[in-house]
Amino acid sequence: MRAGYLPLYAPEITTERLERAAMLISIAPARDFSGAERTAVEQFVRDGGVLISMAGAQHAAATNGLIEPFGFRVPLSPVPPNEVTHE
């Protein structure tokens with residue numbers, strides 16, 4: 001708050017909420033993001049918003065749907081046999 005930001009908890013991400021935001025921080029989401037949420041976040045970032053996404057490999061599935069449109073991916077853990085990605 002000292003830097004001029006008001007952190008808010010958002011159980012659902014909507015375009016309307018993101019229109020008033022400068023930054024979205026996602027920390028180890030417990031559920032997958034809906035298609036509408038992913039679309040809203042992608043547009044938010046393309047319009048200049050900042051997305052910070054943090055997750056360990058155990059939460060990769062929920063996070064990947066959000067960050068893959070930007071060319072990022074968190075590999076799953078444990079990595080299955082014969083997989084080309086590394087932990």
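Sequential numbering from 1 along the given sequence is applied to the chain's residues.
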Looking at every non-hydrogen atom in both residues, tell me the closest pair between G65 and R38 and how far apart they are.
O-CD, 2.9 Å
Which atom of V74 lies closest to which atom of N64, heavy atoms considered:
N-OD1, 2.7 Å
Write down the atom of P29, the atom of M54, and the distance for their closest heavy-atom approach.
CD-O, 4.5 Å
If I compare all heavy atoms of A55 with all of T63, which pair ends up nearest, and what's the gap?
CB-OG1, 3.1 Å
Between I25 and F44, is there a shared hydrophobic cluster once you connect ILVMFWY residues whose side-chain heavy atoms come closer than 4.5 Å?
no
F70 CZ: over 12 foreign heavy atoms closer than 6.0 Å:
yes
Is L66 close to L51 at the side-chain level, that is, under 4.5 Å between some pair of heavy atoms?
yes
Report whether V45 and M23 are members of the same hydrophobic cluster (ILVMFWY, side-chain heavy atoms less than 4.5 Å apart, transitive linking).
no
Within this structure, what is the CD-CD distance for the pair E42 and E68, rounded to the nearest 0.5 Å?
11.5 Å
Measure across E12 and R31 and return the closest heavy-atom pair with its distance rounded to 0.1 Å.
CA-NH2, 4.2 Å
If hydrophobic clusters are built from ILVMFWY residues whose side chains come within less than 4.5 Å, do I52 and I13 share one?
no
Could you tell me if the side chain of F33 sits less than 4.5 Å from the side chain of V41, heavy atoms only?
no
T15 and A40 have their tightest heavy-atom pair at OG1-CB, 3.6 Å
